[in-house]
> 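Take a look at the following structure, please.
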Amino acid sequence: MSDTDVSVFLMQLELEQLDKITADLQLRAEQRAKEQAEQKSKPRFPPSFNDLDSMAENVGLDLSSLIKDIKRRS
């Protein structure tokens, strides 16, 4: 659907229908913002130092890269 198709479709709607669409979009935007805020506020616990897989995942490395990084730093 192109921009012109959307414009033509919206032009055919009644004012009450447009108001309902606007209210629905605002509600969805508020819900999404709330979900994102909840995800950011959740505490991220550090990985267990006994679990190398979670340590590597936490820093965005695979295990071989983590081992190479440790060897480089020591």
Side-chain angles (χ1 to χ4, degrees):
M1 195 176 245
S2 69
D3 288 344
T4 55
D5 294 338
V6 173
S7 297
V8 169
F9 174 74
L10 291 175
M11 293 284 225
Q12 296 173 359
L13 296 177
E14 298 292 325
L15 190 56
E16 293 82 17
Q17 292 172 314
L18 292 172
D19 288 339
K20 184 178 178 186
I21 292 171
T22 302
D24 185 47
L25 288 173
Q26 287 175 342
L27 179 64
R28 288 183 185 194
E30 290 170 3
Q31 288 174 343
R32 180 161 294 172
K34 183 180 177 183
E35 289 172 0
Q36 288 177 349
E38 288 174 357
Q39 287 178 351
K40 288 181 182 179
S41 67
K42 287 183 183 177
R44 291 191 61 197
F45 298 107
S48 167
F49 289 108
N50 297 330
D51 185 7
L52 289 178
D53 289 327
S54 64
M55 284 176 57
E57 183 180 328
N58 191 42
V59 294
L61 301 172
D62 60 355
L63 286 180
S64 61
S65 296
L66 181 62
I67 291 170
K68 289 177 186 176
D69 192 41
I70 291 171
K71 285 182 180 179
R72 230 181 331 171
R73 293 180 187 202
S74 56

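Counting begins at 1 with the first residue of the sequence.
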> Report all side-chain donor-acceptor pairs from residues 15-30 shorter than 3.5 Å, counting only partners two or more places apart or in another chain.
from  : atom 1 : to    : atom 2 : distance (Å)
Gln17 : OE1    : Glu14 : N      : 2.8
Thr22 : OG1    : Leu18 : O      : 2.9
Asp24 : OD2    : Arg28 : NE     : 3.4

> Could you pull out all residues at least two apart from Val8 that satisfy side chain to side chain contact (heavy atoms under 4.5 Å, CB included)?
Gln12
> The criterion is side-chain hydrogen bond (donor to acceptor under 3.5 Å, both in side chains); which residues satisfy it with Arg73, sequence neighbours excluded?
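For Arg73, the residues satisfying side-chain hydrogen bond (donor to acceptor under 3.5 Å, both in side chains) (neighbours in sequence not counted) are Asp69.
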